[in-house]
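Counting starts at 1 for both ligands and their atoms, in listed order. Remember, predicted model here, so these are calculated numbers, not experimental data.
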Amino acid sequence: MRINKIACIGAGYVGGPTMSVIAQKNPHIQVTVVDLNVDRINAWNDENLEKLPVYEPGLDAVVGEARGRNLFFSTDVDQAISDADMIFISVNTPTKTYGKGKGQAADLKFIELCARQIADVATSSKVIVEKSTIPVRTAATIKSILDHTGKGLQFQVLSNPEFLAEGTAIQDLHHPDRILIGGEDQSAIKALKSIYEAWVPSERIITTNLWSSELSKLVANAFLAQRVSSINSISELCEATGANVEEVANAIGQDTRIGSKFLKASVGFGGSCFQKDLLNLVYIARSYNLNEVADYWDQVIKINDHQKTRFAEKIIQSMYNTVNGKKIAFLGWAFKKNTNDTRESAAIYVADHLLEERAQINVFDPKVQEHQIYKDLKELNTRSASENSELLTVMDDPYKACQAAHGIAILTEWDEFNDYDWKRIKDNMKKPAFVFDGRKLLDRKKLEDLGFVYYAIGE
Ligand code: UDX
Ligand code: UDX
C-alpha cells in the first residue's frame, strides 16, 4: 500500500500542527488539511505567518517550509476526501451538552458526520485514521458506517492518538516519546508507520489492537491529570502545615519510580483534554457498572475544581473578605504558557467566582484576544454579556492592567511576567499591594523586598 495523498479533516490545534510536520518530513506526500470553518482556513493560508490561527513556537517555520509545496489548507472537504489514500479525522469531540451522558460522555456527532461524508464521497478504498480522542470502540462505529456504502470499497480504520502538548507541539511532534498505532490490517498499519518513520526511530512506534490504542489515549491523559491533582491536593496540606509544596515535589520527584515531571502545583489544570477525557473515562467505567473505578477517577476532577475555587477564595479572604468594587489584575488567561488556547483555563473559573463577588477585573494575556475572553465567560452563562463587560476589562498592556489595582493574580506562567518592572507596578497599585501567584512563577523574596504581600500556592 503506497500513500501519495493524505487528507485531514479538522484544522485545529491538533490537525494543523500534526499535518504540518507530516508534510514537512514527507515532501513526496501531498497533505491537504480541510475544515468547515472558512475563517480558520483563511488564517492558515495567510501570507503573514504570525496570523496562523494556532500559536505554537516553531509552527510558523514548519508551515513556511511546507505550505504550497506539499501542504495545503482548504475548505473543499469533498475534493480532499475523494483524492486521498489516507484520511485523518481530527475534528473536536466535546463533552455532550444534552441527552444521555450530558456533561460526561464525548459527543461523537462530528466524527460520525465525517464518516458519513467519507462514505458518500469516496470512489476508491482508503485508510481512515482516528486522530481525535474518542471513547473506546468508536472505530467500530466508523467502520460500520463505511462498510455500508454499497459501493464495494474497502476501508481500514486505524487509531493513532496524538500525545502532543500545546505550547510544545512542534518539539513534541519532532521528538515524540512514542507513536501509537492501533489496528488490525497489517498493510494499513505498515503504511501509516512508514509515514512516521520518515523521522521517528522505528522502535518508538508502538502497535496495538484498536481498543488498546483508543483507551491508552484516555488513560495517558487521566494519569497526567492525576499527578497534577495529587500534587495540588498536597499543596493545600502544605499551606496548612508549613511545608512547602515545591520542596515536597522536589524531594519525591528524585525517586526515579515517581519521576520529577508533572509535579508542579498550580491553580488547577485546564486545556481541551484533561477534564474531557477524565469525564469520558468516568462515563465509560460507569456504563460498564464499574462504580468504584468511576469514583476513583472522578475524584481527580473534584480536586481540580476545588483548587480553582480555593484560589479564588484565598484572594477574597486575604483582601479582608470582600472584593466588591476592588480592582484585581489578572496576568494570564491561557490554560498554560506559549499557547493562545483558553479552553477550560483555570482563569475563566477564578474570574467567574470573583465576578460573582462584584470584583472589577482587568485582564492581560500576551496571546489571548479580547473577544475570546468574553466568549469564555459567556459560555459559563453565569451573568449577561453586558454585566461581564461592565465588570471585566481586557487590556493590551500589563502595566495599565495593574494600574491602581488592589491585587494581582497570576493565572498563566508566561515567562515575560518575571521580567516586568515590579517596582513600577507596586508604586502604581493600591496598598497593601497583594500578589496571588497561582503558578509559583515569581520570586517571593524579590516581591516581599519590594513590599508586596505575596501568596503562592502550596507555601
Ligand atoms: C483535538 C482533538 O482532535 C480532540 O479529539 C482532542 O480531544 C482535543 O483536541 P483540537 O484540534 O484541539 O481537537 O480541536 P479544535 O481546535 O476545535 O479543531 C477541530 C476543528 O475541526 C475545528 O477547526 C472545526 O471547525 C473542525 N471541524 C469540526 C470540521 O472541520 N468538521 C466538523 O464536522 C467538525
Ligand atoms: C495534554 C497532554 O499532555 C498531551 O499529551 C495530550 O495530547 C493533550 O493533553 P495539554 O493539555 O496541551 O496536553 O498540556 P499539558 O502540558 O498536559 O498541561 C495541561 C494542564 O496541566 C495545564 O493547565 C498545565 O498548566 C497544567 N499542569 C501541567 C500543571 O498544573 N502542573 C504540571 O506539573 C503540569
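- When Gly271, Gly270, Ser229 are ranked by how near their heavy atoms come to atom 20 (C) of ligand 2, first place goes to Gly270.
- When all heavy atoms of Ser229 and Phe269 are compared, the closest pair comes out as OG-CE2, 3.6 Å.
- A side-chain contact (heavy atoms from CB on, under 4.5 Å) with Trp44 is found for exactly one of Leu71, Val54, Val33, Asp35, namely Val54.
- Contact atoms of ligand 2 toward Cys273: 8 (C), 9 (O) (distance under 4.0 Å to a heavy atom of the residue).
- Taking 4.0 Å as the cut-off between side-chain N and carboxylate O, Asp298 and Lys302 count as a salt-bridged pair.
- Contact annotation: for Ala165 versus ligand 2, heavy atoms closer than 4.0 Å belong to both the backbone and the side chain.
- Ligand 1 has no atom lying under 4.0 Å from any heavy atom of Cys114.
- For atom 5 (O) of ligand 1, the closest non-hydrogen atom of the protein is Thr133 N, 2.7 Å.
- Numbered from 1 in the order shown, with element, the atoms of ligand 2 that lie under 4.0 Å from a heavy atom of Leu164 read 4 (C), 5 (O), 6 (C), 7 (O), 8 (C).
- In the vicinity of Ser266, heavy-atom distances shorter than 4.0 Å reach the ligand 2 atoms 29 (C), 30 (O).
- For the pair Arg439 and ligand 2, a heavy-atom separation below 4.0 Å is found.
- In the vicinity of Ser132, heavy-atom distances shorter than 4.0 Å reach the ligand 1 atoms 3 (O), 5 (O).
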Residue pair Tyr454, Trp422: steps toward the ring pair (Phe, Tyr, Trp, His ring centres under 6.0 Å) verdict: CA-CA 12 Å; Tyr454 179 77; Trp422 284 94; 9.1 Å; no

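- For ligand 2, the polar-atom distance check finds no N/O of Gly268 at less than 3.5 Å from any of the ligand's N/O atoms.
- Neither the backbone nor the side chain of Leu113 comes within 4.0 Å of ligand 1, counting heavy atoms alone.
- The atoms of ligand 1 that sit less than 4.0 Å from any heavy atom of Lys276 are 6 (C), 7 (O).
- Here's the thing with Tyr13: one of its N/O atoms is less than 3.5 angstrom from an N/O atom of ligand 1.
- When only interatomic distances are considered, the shortest N/O to N/O separation between Val14 and ligand 1 falls below 3.5 Å.
- Among protein heavy atoms, atom 3 (O) of ligand 2 sits closest to Leu224 CD1, 3.6 Å.
- In terms of N/O distances under 3.5 Å, ligand 1 is not approached by Asn37.
- Closest to atom 2 (C) of ligand 2 among all protein heavy atoms lies Asn221 OD1, 3.4 Å.
- Between Phe223 and Trp297, the angle of the ring planes lies from 30° to 60°, which puts this pair in the tilted group.
- Residues Lys445 and Asp443 are not paired through a salt bridge, judged by the lack of any N-O separation under 4.0 Å between the basic side chain and the carboxylate.
- Atom numbering of ligand 1 starts at 1 in the shown order; those under 4.0 Å from a heavy atom of Arg40 are 15 (P), 16 (O), 17 (O), 18 (O), 20 (C), 22 (C), 23 (O).
- For a threshold of 3.5 Å applied to N or O pairs, the pair formed by Phe269 and ligand 2 contains no separation below that value.
- Between Lys264 and ligand 2, at least one pair of N/O atoms sits closer than 3.5 Å.
- For Lys337, no heavy-atom contact with ligand 2 is shorter than 4.0 Å.
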Take Gln156 and Ile128 through the side chain to side chain contact (heavy atoms under 4.5 Å, CB included) test and state the conclusion after the steps. CA-CA 6 Å; Gln156 304 302 335; Ile128 311 300; over 6 Å; no

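- Below 4.0 Å from some heavy atom of Gly12 lie the following atoms of ligand 1, by number and element: 11 (O), 15 (P), 16 (O), 18 (O).
- The proximity of Ser272 to ligand 1, defined as any non-hydrogen pair under 4.0 Å, is limited to the side chain.
- Not one N or O on the side chain of Lys308 forms a donor-acceptor pair closer than 3.5 Å with the backbone of Ser345.
- A salt bridge links Lys440 to Glu246: at least one charged side-chain nitrogen sits closer than 4.0 Å to a carboxylate oxygen.
- The residue Lys131 has no part lying near ligand 1, judged by heavy-atom distances below 4.0 Å.
- Heavy-atom contacts of Ser90 reach the following atoms of ligand 1: 3 (O), 19 (C) (cutoff under 4.0 Å).
- The option from Phe274, Phe163, Phe262 that lies nearest to atom 34 (C) of ligand 2, judged by heavy atoms, is Phe262.
- Residue Glu162 has at least one heavy-atom neighbour below 4.0 Å for each of these atoms of ligand 2: 7 (O).
- Within 6.0 Å of OH on Tyr288 lie no more than 12 heavy atoms contributed by other residues, nucleotides or ligands.
- Residue Lys336 has at least one heavy-atom neighbour below 4.0 Å for each of these atoms of ligand 2: 14 (O), 15 (P), 16 (O), 25 (O).
- For the pair Lys337 and Glu413, the salt-bridge criterion is not met [side-chain N within less than 4.0 Å of a carboxylate O].
- Ring geometry for Phe417 against Tyr420 counts as tilted: the plane angle lies between 30° and 60°, on a 0 to 90° scale.
- Looking at Val91 next to ligand 1, an N or O pair under 3.5 Å apart turns up.
- Residue Arg343 touches ligand 1 through its side chain alone, judged by heavy-atom distances below 4.0 Å.
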